[in-house]
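Read the structure below first, then the notes.
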Amino acid sequence: MLDLKFIRENPDAVSASLASRRNSTVDIDAILGADETRRKLQHEMDQLRAEQNKASQEIGRLKKAGQDASALLSAMHDLAARIKDIEERSTATEAQLNESLLVIPNLLHPSVPVGADEAANRVERVVGQPRTFDFEPKDHVDLGEALGIFDFEAGAKLARARFNVSKGLGARLERALINFMLDIHTGEHGYTEILPPFMVNSAAMQGTGQLPKFSADLFKIAGDYDLWLIPTAEVPLTNLHAGEILDEKLLPIYYAAHSPCFRSEAGSYGKDTRGMLRQHQFNKVELVKLCKPETSFDELDKLAANAEVILQRLELPYRVMTLCSGDTGFSAAKTYDIEVWLPGQNKYREISSCSNCTDFQARRANLRFRRAGAKKPEYVHTLNGSGLAVGRTVIAILENYQQPDGSILIPEALQPYLGAERIGKA
RNA sequence: GGAGAGGUGGCUGAGUGGUCGAAAGCACCGGCUUGCUAAGCCGGCGUACUCGCAAGGGUACCGUGGGUUCAAAUCCCACCCUCUCCGCCA
């Protein structure tokens, strides 16, 4: 959520930033109009209430003294009706204003390239060399099915399309990667491991920005519950301190969690239908930071670097992109996508997305801190990034480490976790 | 699932219709005092919106949302949450 005061004072800058995003149709003037109406009503109501409070005290005094208060009482009866009327209008205007504010995306950072779609994303760095094959490399589906470690048909039978069953070393590979990633982030990068709920309520979803605008992307729990399956552990992690005023000394806070992620993938019918690149359920290790505003962009660089370490240890080639204005997500001011090389597709594909959401989520989640000696609390800045998407890491390992006989060599750093040097016949 | 208790400021906890944004204690901050540490005394100490150059003022908030009333932390209704006991269960 944007700061209404900031919109009021910088309407042009806000409009310009929003216009450079994809599909942004925000009527700033309507919002400012509603804001003015609300403030006028609010002010009027405050004054009438002041009058009412004064009179009510007088009534109390008269009654206590055994005197007649009926004249004042009937006057107050009318005043109460007027207040109620204004209150209803004020509440309605405020609700409408809030509704509008909740669907406005974050302001973009000046370093974000302006552009309509991913073609305008900026390459920050390319790390590692894609391997050259002296045979035709297969994709992870052919490799995995031949090895007997994936069963997409079973996934479809048990649930529906976009679900997979991993078996044997395939299942163990996911578990190994989760432990590998968490060990590095907690042991070397200073993150505190969290095991969060995999379902959250609407307030949490609103805090990080999934609701109210993107409910179609989520799975809602049926029945008399206000619960949704998390699309990422970012939601529980970022909301962990919602509503609190944190002591400055606690910042920055680094959290890491593994969770399954559930996404309806509405609107991506026909896209990435093959294999497990785009599933309704996938594992991810997520990194979240809460920090002071002045450090958040440094923290973003460090966050991306933390995610990159995983790819480096696994010796997988990748590149880092800064998403352009049209490609940057709703809550983010700036996003780096880390893309791993996939020989099966002959392309770089996203394996991590690291964003600085500045105070956007903090305002929604009412997530603040107080500086030593300061009177007013301030909103923290929140960041999140995948460290990494586990399913896609499995794909990358299979495709990059495949051998002519269809077996998969396991990156050295991961071997102790998997308890094997190779998947498939040696 | 059955029975009961309860949700008040950072914490403990008083307050059952009017002068309560809320006693008291603890914690915290400032000052004074005391030859150290400790203790004592005085003062301060929630959040948001709003008016004002400021000093300062106004309004709202006692789990959430409604209702009754001139007036609600206090009465009524619904919901959420926590705790205890019984049952069931990984």
Side-chain angles (χ1 to χ4, degrees), chain A residues 1-9 31-102 195-207 211-212 220-221 223-228 236 239-251 253 260 359 362-380:
Chain A
M1 197 150 72
L2 300 185
D3 181 7
L4 189 50
K5 215 176 282 173
F6 184 85
I7 300 177
R8 205 182 291 149
E9 286 159 12
I31 285 167
L32 291 178
D35 173 42
E36 204 180 319
T37 305
R38 197 213 89 233
R39 285 196 296 156
K40 232 177 75 192
L41 289 169
Q42 179 76 49
H43 190 67
E44 201 177 335
M45 193 167 75
D46 283 356
Q47 297 202 313
L48 291 178
R49 280 241 175 89
E51 195 183 321
Q52 185 184 49
N53 286 343
K54 215 174 284 175
S56 290
Q57 283 174 23
E58 179 63 18
I59 289 169
R61 216 169 1 239
L62 288 174
K63 287 201 164 179
K64 196 162 267 180
Q67 295 179 308
D68 176 50
S70 55
L72 201 46
L73 270 174
S74 70
M76 285 306 102
H77 188 76
D78 292 345
L79 184 64
R82 272 174 70 202
I83 288 176
K84 188 165 186 179
D85 172 60
I86 291 175
E87 185 174 21
E88 274 165 16
R89 278 155 57 202
S90 174
T91 306
T93 310
E94 185 162 11
Q96 181 198 331
L97 185 61
N98 200 39
E99 223 169 274
S100 307
L101 286 174
L102 282 172
L195 181 60
F198 300 155
M199 299 180 211
V200 299
N201 58 33
S202 297
M205 286 294 189
Q206 181 173 298
L211 292 180
K220 175 111 173 63
I221 299 301
D224 199 13
Y225 298 102
D226 174 31
L227 286 174
W228 307 74
N239 282 289
L240 203 53
H241 296 288
E244 297 179 21
I245 298 175
L246 298 165
D247 192 316
E248 176 183 28
K249 289 195 287 278
L250 295 171
L251 300 177
I253 292 173
D359 60 1
R363 189 170 286 108
R364 288 171 164 254
N366 197 21
L367 184 31
R368 295 174 292 177
F369 77 102
R370 197 192 316 269
R371 295 182 198 271
K375 177 131 179 60
K376 274 198 170 301
E378 297 173 52
Y379 289 110
V380 302

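To find a chain, count down the sequence lines: A is the first, B the second, and so on, and within it residues start at 1. Note that the coordinates shown come from a computational prediction; the quantities given were computed from them, not determined experimentally.
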Exercise. If we take the C1' atom in both B/rA55 and B/rU74, what is their distance in whole Å?
Worked result: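 It works out to 36 Å between them.
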Exercise. Under the 3.5 angstrom rule, does the side chain of A/K40 hit a backbone N or O of A/D35 as a donor-acceptor pair?
Worked result: no
Exercise. Is there a donor-acceptor pair closer than 3.5 Å between any side-chain N or O of A/N239 and the backbone N or O of A/A204?
Worked result: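 Yes, because the side chain of A/N239 sits within donor-acceptor range (under 3.5 Å) of the backbone of A/A204.
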Problem set entry | Nucleotide nearest A/M76 when distance is taken to its side chain, options B/rU59, B/rC51, B/rC70 |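 Looking only at side-chain atoms, A/M76 lies closest to B/rC70.
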For this session: Assign A/K376 to base, sugar-phosphate, or nothing according to its heavy-atom contacts below 4.0 angstrom with the strands shown.
Result: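 Result for A/K376 = sugar-phosphate.
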Problem set entry | Protein-nucleotide distance (A/L48, atom CG; B/rC70, atom C1'), rounded to Å |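 Going from CG in A/L48 over to C1' in B/rC70 covers 14 Å.
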Exercise. Salt bridge between A/R371 and A/E378, side-chain N to carboxylate O under 4.0 Å?
Worked result: yes
Exercise. Is A/E44 salt-bridged to A/R89, cutoff N-O under 4.0 Å?
Worked result: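 The answer is no: the pair does not qualify as a salt bridge.
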Pairs: protein N or O with nucleotides 18-22 of chain B N or O, under 3.5 Å:
| from | atom 1 | to | atom 2 | distance (Å) |
| --- | --- | --- | --- | --- |
| B/rG18 | N2 | A/S56 | O | 3.0 |
| B/rU19 | O4 | A/K64 | NZ | 2.3 |

Seminar exercise, completed: Scoring nucleotides 60-66 of chain B by protein non-hydrogen atoms under 4.0 Å (B base, S sugar-phosphate only, - none) yields S------
For this session: Apply side chain to side chain donor-acceptor pair (under 3.5 Å) to A/D247 and list each qualifying residue two or more places apart in sequence or on a separate chain.
Result: none
For this session: Hey, which sits more toward the 5' end of RNA chain B by its nearest nucleotide, A/L72 or A/E51?
Result: A/E51
Exercise. For B/rC70, does OP1 or OP2 lie under 4.0 Å from any side-chain N or O of A/H77?
Worked result: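 So the side-chain polar atoms of A/H77 do come within 4.0 Å of the phosphate oxygens OP1 or OP2 of B/rC70, strictly under.
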